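Because the structure is predicted, anything quoted here is derived from the model rather than measured.
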Amino acid sequence: MAILKRNPDVHWRVEAHREEKAMEVLADPERTSEDGDMTDLGTVTLLSGGVMHQLNLLGAEIWKLCDGTRDRGQILRELLDVFEVDEGTLKQDLEAFLDDMIGRGLIHEKR
């Protein structure tokens with residue numbers, strides 16, 4: 001089992017007001033037409049090596065779950081409880097995000 005952990009050298013913060021708004025829209029799909037696609041709004045900001053990264057709602061949730069206690073399968077199961085989406089689609093999105101973040105050195109995967 002390979003555990004995922006955020007790089008401890010990365011500074012990050014939750015943009016609470018943006019996260020709240022994105023979650024409200026996610027819970028009420030009728031609002032999407034009013035507010036646009038709020039799920040793409042940056043809800044977590046990362047700062048690493050002088051570079052700032054904004055994570056959308058899904059990326060932010062994955063980032064928070066990479067606390068060194070979970071593997072990819074456990075993260076997927078927890079995300080399925082939050083997002084109403086096909087498991088295959090969510091798994092693809094999760095894998096793509098993790099591969100990108102690991103490639104950037106922002107997340108580490110320890111076997």
Side-chain angles (χ1 to χ4, degrees):
M1 175 169 65
I3 300 298
L4 295 148
K5 183 169 174 88
R6 298 180 295 265
N7 180 335
D9 295 330
V10 175
H11 300 281
W12 62 286
R13 74 169 182 246
V14 174
E15 305 292 346
H17 62 287
R18 291 178 173 194
E19 182 180 62
E20 182 179 318
K21 180 89 167 170
M23 290 299 278
E24 286 173 8
V25 172
L26 185 64
D28 183 5
E30 290 182 16
R31 288 190 56 190
T32 301
S33 60
E34 297 172 22
D35 297 320
D37 190 1
M38 295 298 292
T39 59
D40 283 338
L41 183 66
T43 60
V44 166
T45 301
L46 310 178
L47 184 59
S48 176
V51 178
M52 186 181 300
H53 306 270
Q54 287 280 308
L55 303 181
N56 66 11
L57 187 58
L58 177 59
E61 292 304 309
I62 296 168
W63 176 260
K64 290 183 224 172
L65 293 171
C66 291
D67 62 359
T69 65
R70 298 170 182 88
D71 65 16
R72 289 175 186 245
Q74 292 166 317
I75 291 172
L76 177 63
R77 286 189 293 281
E78 290 195 38
L79 292 172
L80 285 167
D81 290 339
V82 176
F83 297 96
E84 291 184 29
V85 65
D86 171 69
E87 183 174 347
T89 300
L90 185 56
K91 184 175 181 179
Q92 281 183 314
D93 290 346
L94 172 62
E95 296 295 329
F97 178 83
L98 290 174
D99 291 346
D100 180 54
M101 298 297 273
I102 290 167
R104 294 173 188 248
L106 301 174
I107 292 177
H108 302 296
E109 190 166 28
K110 306 252 182 193
R111 297 200 186 273

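Taken together through direct or relayed side-chain contacts under 4.5 Å among Ile, Leu, Val, Met, Phe, Trp and Tyr, Ile107 and Leu47 form parts of separate hydrophobic clusters. When the side chains of ILVMFWY residues are joined at heavy-atom separations under 4.5 Å, either directly or via intervening members, Ile3 and Leu76 end up in two distinct hydrophobic clusters. Hydrophobic cluster membership is shared by Val82 and Leu90, with clusters built from Ile, Leu, Val, Met, Phe, Trp and Tyr side chains linked at under 4.5 angstrom.
From Leu65, atom CG reaches atom CZ of Arg6 across 8.5 Å, with rounding to the nearest 0.5 Å. Note that the SG atom of Cys66 and the CD1 atom of Ile102 stand 7.5 Å from one another [nearest 0.5 Å]. Note that CG of Leu80 and CG of Asp86 are 9.0 Å apart. Values are rounded to the nearest 0.5 Å. Rounding to the nearest 0.5 Å gives a distance of 10.0 Å between CD1 of Ile62 and CG of Leu57.
Salt bridge annotation for Glu61-Lys64: present, with a cationic side-chain nitrogen under 4.0 angstrom from a carboxylate oxygen. Ion pairing of Arg77 with Asp81 is absent here, as no side-chain N (NZ or NE/NH1/NH2) approaches a carboxylate O to less than 4.0 Å.
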Apply side-chain contact (heavy atoms from CB on, under 4.5 Å) to residues His108 and Asn7 and explain how you reach the verdict. CA-CA 6 Å; His108 302 296; Asn7 180 335; 3.6 Å; yes
Verify side-chain contact (heavy atoms from CB on, under 4.5 Å) between Asp93 and Val85, making sure each step is shown before the conclusion. CA-CA 11 Å; Asp93 290 346; Val85 65; 5.9 Å; no
Decide side-chain contact (heavy atoms from CB on, under 4.5 Å) for Asp9 and Ser48; before the verdict, give the C-alpha distance in whole Å, the side-chain angles of both, and the deciding distance to 0.1 Å. CA-CA 7 Å; Asp9 295 330; Ser48 176; over 6 Å; no
Step by step, would you call Gln54 with Thr45 a side chain to side chain donor-acceptor pair (under 3.5 Å)? CA-CA 5 Å; Gln54 287 280 308; Thr45 301; 2.5 Å; yes
Walk me through whether Lys110 and Lys5 qualify under side-chain contact (heavy atoms from CB on, under 4.5 Å). CA-CA 8 Å; Lys110 306 252 182 193; Lys5 183 169 174 88; 5.6 Å; no
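When all heavy atoms are compared, the tightest approach of Arg111 to Ala2 is NH1-CB, 3.4 Å. For Glu19 against Val14, the heavy-atom pair with the smallest separation is OE1-CG1, 3.6 Å.
Here the rule is side-chain contact (heavy atoms from CB on, under 4.5 Å) with Leu58, and of Phe97, Phe83, Trp63 only Phe83 fits it. Results of the side-chain contact (heavy atoms from CB on, under 4.5 Å) test with Met101 over Val10, Leu4, Leu55 single out Leu55 as the only residue that passes.
In the displayed structure, His17 atom NE2 is contacted under 6.0 Å by more than 12 heavy atoms of other residues, nucleotides or ligands. Glu87 CD: 12 or fewer foreign heavy atoms inside a 6.0 Å radius. Within a 6.0 Å radius of CD in Gln74, more than 12 heavy atoms belonging to other residues, nucleotides or ligands are found.
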